[in-house]
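Have a look at the structure below, then the notes.
All chains are named by letter (A, B, ...) in the order of the sequence lines, taking the proteins before the strands, and each is independently numbered beginning at 1. Keep in mind that what you see is a predicted model, and the values were worked out from it rather than measured.
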Amino acid sequence: MHDLKWIRENPADFDAALARRGLPAQGQAILQLDARRRAAQTASQDLLARRNDASKQIGILKKEGKDTEALMAEVAAFKDQIPAAEEEEKRLGAEIDAVLGIIPNLPAADVPQGADENDNVELKRWGSIPKFDFTPLSHDQLGANLGLMDFEAAAKLSGARFVVLKGALARLERALAQFMLDFHTQENGYTEMATPVLVKEEALYGTGQLPKFAEDLFRTTGSHWLIPTAEVTLTNLVADSILDEGALPIRMTAQTACFRSEAGSAGRDTTGMIRQHQFQKVEMVSIAHPDQSAEEHERMTSGAETLLERLGLPYRRILLCTGDMGFSSNKTFDLEVWLPAQDRYREISSCSNCGEFQARRMKARFKGVGDKNTRFVHTLNGSGLAVGRTLIAVLENYQQIDGSIAIPVALHSYMGGITVIRP
RNA sequence: GGAGAGGUGGCAGAGUGGUCGAAUGUACCUGACUCGAAAUCAGGCGUGGGGGUAACUCCACCGUGGGUUCGAAUCCCACCCUCUCCGCCA
């Protein structure tokens, strides 16, 4: 959500930033609506003020035992205008909200201009790409050969884009999540949280998934929606609050199942575990002071990188261009892990600074000691990491010629003595 | 699911139709006293929005949404949430 006041004062900057996102100018249209809304507000408030004043007089007169007939008649004369005036104000307000609610965050100044992922900028690479003296298999082939990854069983239960893991692979998924959580909580300053995965519409509005991206989500027949990421629950924990400045930054992490309809992804990544309707993810969320959010963004991304490094998985860091960034983000780093069978890097983490965009939508503010006004916090979120994709990366990068998987040393203590998963 | 109680400012807690955005206490901030602190005293102390260069002023908000009324924290209706007891249950 954007600041109307700011748009009023900087309509050209607003439109220029929208243009960077490939969107048409909307400043003028918004400001016209805004002017109409404020006029309606003034009109309706004027009526209310007159009514309040008259009512107060009536109260005083009655107390003095005087006649109030004349005044009451006077109020009645304009009172019936009030509902219409309020209605008009409400209608225009809703109209503005509808327009503003689907405008994405504006890109930060240092985000490169671009149309799509081809214009993203690679910032760094870590690790050496493993060389195999055999043809490396894909994770789903490896999993099937091990007899521990079953897409047909999942299809029987749930249809396409689900998986059943078994034995050591189920254990590996659990080990990875636990390894990640232990790092975040013990070394990275995050507090572990366990949150619902079913949420109300308001929460999804707060983080920006709604109203625009309803088709990407699953919803219940009741009024709940399934979260596509724990970013939704963790970030919305500070919704409708005024935090003490000293409490910032607030760092939270959670492992949850994530649910995505993958509408519009038909035909992409149809085999294997890359793109599932349900997957485990460890998420990091930071609620930061505006002055420190850039620093926090770097810190968060580094944390995700550390996990990949400890797992010995080659990756690169990408700075997303304006055309590839998510709706709520003003700057996003993606981490992409090397997948030998695909012979390319694939996204395994996305770390975004949303600035005050989400905070405005969910009214998450802070106040310093002695400050007169509240300010909006900055919200950041990042995967640390997508557990399913990390499992894929471990399988493919640590595969051996006999089809066995060597377990990265960092996971040994989590695997109950298993150091190699054999067919 | 059944029965009952309740949702008021950071917290506690008054307020059942009228100068109530809301007593009082506490916490917090400022000042006085003090070498300093405590105690004490005085003042201040919610959020969002409109108008105004400003001083300032207006509107809304007492769980949420409707309604009654000249006027609603207070009355009526619906919903949500919390607590207690009963039933069921991972």
Side-chain angles (χ1 to χ4, degrees), chain A residues 1-9 30-101 194-206 220-225 233 236-248 250 256-257 287 356-377:
Chain A
M1 183 65 73
H2 295 288
D3 182 5
L4 263 176
K5 263 187 203 157
W6 184 84
I7 298 174
R8 247 177 248 155
E9 287 156 16
I30 290 169
L31 290 186
Q32 278 173 22
L33 258 182
D34 178 46
R36 286 173 57 201
R37 197 201 93 244
R38 280 188 291 157
Q41 184 180 23
T42 301
S44 116
Q45 289 189 355
D46 188 55
L47 287 170
L48 287 173
R50 286 171 63 192
R51 185 206 63 188
N52 291 347
D53 191 53
S55 294
K56 202 171 272 186
Q57 288 306 315
I58 291 171
I60 293 170
L61 289 177
K62 283 210 166 180
K63 196 163 275 180
E64 295 170 349
K66 293 180 180 165
D67 179 54
T68 59
E69 286 299 319
L71 244 187
M72 283 171 73
E74 194 180 310
V75 179
F78 66 81
K79 198 199 157 212
D80 46 335
Q81 301 169 36
I82 290 176
E86 285 183 326
E87 189 55 40
E88 176 73 352
E89 178 190 350
K90 204 185 274 185
R91 192 183 62 76
L92 287 165
E95 210 173 312
I96 291 181
D97 287 346
V99 172
L100 283 183
T195 71
V197 295
L198 289 170
V199 296
K200 297 190 285 190
E201 187 175 319
E202 288 88 331
L204 288 156
Y205 181 86
T220 68
T221 53
S223 55
H224 289 110
W225 300 68
T233 47
N236 275 287
L237 284 172
V238 297
D240 294 311
S241 62
I242 300 173
L243 305 161
D244 288 333
E245 185 172 25
L248 304 176
I250 298 170
T256 66
I287 310 300
E356 59 179 41
F357 184 82
Q358 293 178 326
R360 277 186 184 282
R361 294 173 81 95
M362 65 176 73
K363 297 178 179 59
R365 295 150 294 173
F366 74 95
K367 201 173 184 178
V369 178
D371 281 358
K372 182 109 178 87
N373 298 314
T374 59
R375 297 172 66 188
F376 287 101
V377 297

How long is the line joining CG of A/Asp3 and C1' of B/rG48, in whole Å?
13 Å
For B/rG4, the Watson-Crick or wobble partner whose two distances fall under 3.5 Å
B/rC83
Between A/Ala76 and A/Gln41, which is nearer to the 5' end of RNA chain B once each is assigned its nearest nucleotide?
A/Gln41
Rounded to the nearest angstrom, tell me the gap between atom CG in A/Asp244 and atom C1' in B/rC11.
13 Å
P atom, B/rG13 versus B/rU8: distance in rounded Å?
9 Å
Taking the P atom of each, how far is B/rG71 from B/rC80, in whole Å?
30 Å
Quick one: list whatever passes side chain to side chain donor-acceptor pair (under 3.5 Å) with A/Ser55, sequence neighbours left out.
none
Could you list all N or O pairs between the protein and nucleotides 76-83 of chain B that sit under 3.5 Å apart?
none

Spacing of the P atoms in B/rA73 and B/rG63 (rounded, Å):
10 Å
Could you tell me how far B/rC89 sits from B/rC79 if I compare only their P atoms? Round to whole Å.
27 Å
Sticking with atom C1', work out how far B/rG36 lies from B/rG46, rounded to a whole angstrom.
34 Å
Using the C1' atom as the reference point in each nucleotide, state the distance between B/rA14 and B/rU53 in Å, no decimals.
43 Å
In this structure, how many angstroms lie between the C1' atom of B/rU69 and the CG atom of A/Asp80, rounded?
15 Å
Kindly write out the residues that satisfy side chain to side chain contact (heavy atoms under 4.5 Å, CB included) with A/Gln81, not counting sequence neighbours, or none if the list is empty.
A/Leu47, A/Phe78
Rounded to whole Å, CD of A/Glu245 lies from C1' of B/rC28 at a distance of 16 Å
Given side chain to side chain contact (heavy atoms under 4.5 Å, CB included), test A/Val199 with A/Asn236 step by step and report yes or no.
CA-CA 10 Å; A/Val199 296; A/Asn236 275 287; over 6 Å; no
Work out how far the C1' atom of B/rU68 is from that of B/rC76, and round it to whole angstrom.
7 Å
Partners passing side chain to side chain donor-acceptor pair (under 3.5 Å) against A/Gln57 (at least two apart in sequence or in another chain)
none
Integer angstrom distance from the P of B/rG21 to that of B/rA3:
38 Å
What residues, two or more places apart in sequence or in another chain, satisfy ring-ring contact (aromatic ring centres under 6.0 Å, His included) together with A/Phe357?
A/His2, A/Phe327
So, does A/Arg8 get its side chain near the phosphate of B/rG50, meaning an N or O under 4.0 Å from OP1 or OP2?
yes
Rounding to a whole Å, what distance do you find between A/Ile60:CD1 and B/rC70:C1'?
13 Å
Checking base pairs now: Watson-Crick or wobble, both atom distances under 3.5 Å. What partners B/rU40?
B/rA32
Within the structure shown, what part of the strands sits under 4.0 Å from A/Ile242 by heavy-atom distance: base, sugar-phosphate, or nothing?
sugar-phosphate
Given that both distances must come in under 3.5 Å, which nucleotide forms a Watson-Crick or G-U wobble pair with B/rG17?
none
For A/Lys363 and B/rG49, what is the distance between atoms NZ and P respectively, to the nearest whole Å?
9 Å
Provide, to the nearest angstrom, the distance between the CD atom belonging to A/Glu86 and the P atom belonging to B/rG50.
17 Å
Closest non-hydrogen contact found for A/Leu248 with A/Ile287 is CD2-O, 3.6 Å
Quick check: closest heavy atoms across A/Thr233 and A/Pro196, and the distance to 0.1 Å?
CG2-O, 3.2 Å
Please list all pairs passing the salt bridge (Lys or Arg N to Asp or Glu O under 4.0 Å) test where one or both residues lie in residues 39-56 of chain A, with sequence neighbours left out.
none
In residues 45-53 of chain A, which ones come under 4.0 Å of RNA chain B, going by heavy atoms?
A/Gln45, A/Leu48, A/Ala49, A/Arg51, A/Asn52
Sort and list the pairs that fulfil salt bridge (Lys or Arg N to Asp or Glu O under 4.0 Å) and have at least one residue in residues 32-44 of chain A, not counting sequence neighbours.
A/Arg8-A/Asp34, A/Asp34-A/Arg37, A/Asp34-A/Arg38
Side-chain N,O (A/Thr374) to OP1/OP2 (B/rG48) below 4.0 Å:
yes
OP1 or OP2 of B/rG51 versus the side-chain N and O atoms of A/Arg38: is any pair under 4.0 Å?
yes
Please determine, for B/rG25, whether a Watson-Crick or G-U wobble partner exists with both distances under 3.5 Å, and give it or none.
B/rC11
What residues form a side chain to side chain donor-acceptor pair (under 3.5 Å) with A/Glu86, not counting sequence neighbours?
none
Distance, nearest 0.5 Å, that separates CE of A/Met362 from CG of A/Leu204:
10.0 Å
Please list, chain by chain and in numerical order, all residues satisfying salt bridge (Lys or Arg N to Asp or Glu O under 4.0 Å) with A/Glu89, sequence neighbours excluded.
none
Every protein N/O lying under 3.5 Å from an N/O of nucleotides 61-68 of chain B:
unit_1, atom_1, unit_2, atom_2, d
B/rG66, OP1, A/Lys90, NZ, 3.1

Mate of B/rC61 where both pairing distances stay under 3.5 Å, Watson-Crick or G-U:
B/rG46
Please tabulate, one pair per line, all N/O donor-acceptor pairs under 3.5 Å involving side-chain atoms of residues 90-100 of chain A, not counting sequence neighbours.
unit_1, atom_1, unit_2, atom_2, d
A/Arg91, NE, A/Glu88, OE1, 3.4
A/Arg91, NH1, A/Glu95, OE1, 3.2
A/Arg91, NH2, A/Glu88, OE1, 3.3
A/Arg91, NH2, A/Glu88, OE2, 3.4

A/Met362 CE to B/rG48 P: how many Å, rounded?
17 Å
Could you say whether A/Arg365 or A/Ala54 is positioned toward the 5' end of RNA chain B, judged by the nucleotide with the nearest heavy atom to each?
A/Arg365
Evaluation steps, side chain to side chain contact (heavy atoms under 4.5 Å, CB included), between A/Leu4 and A/Ile30:
CA-CA 9 Å; A/Leu4 263 176; A/Ile30 290 169; 3.7 Å; yes
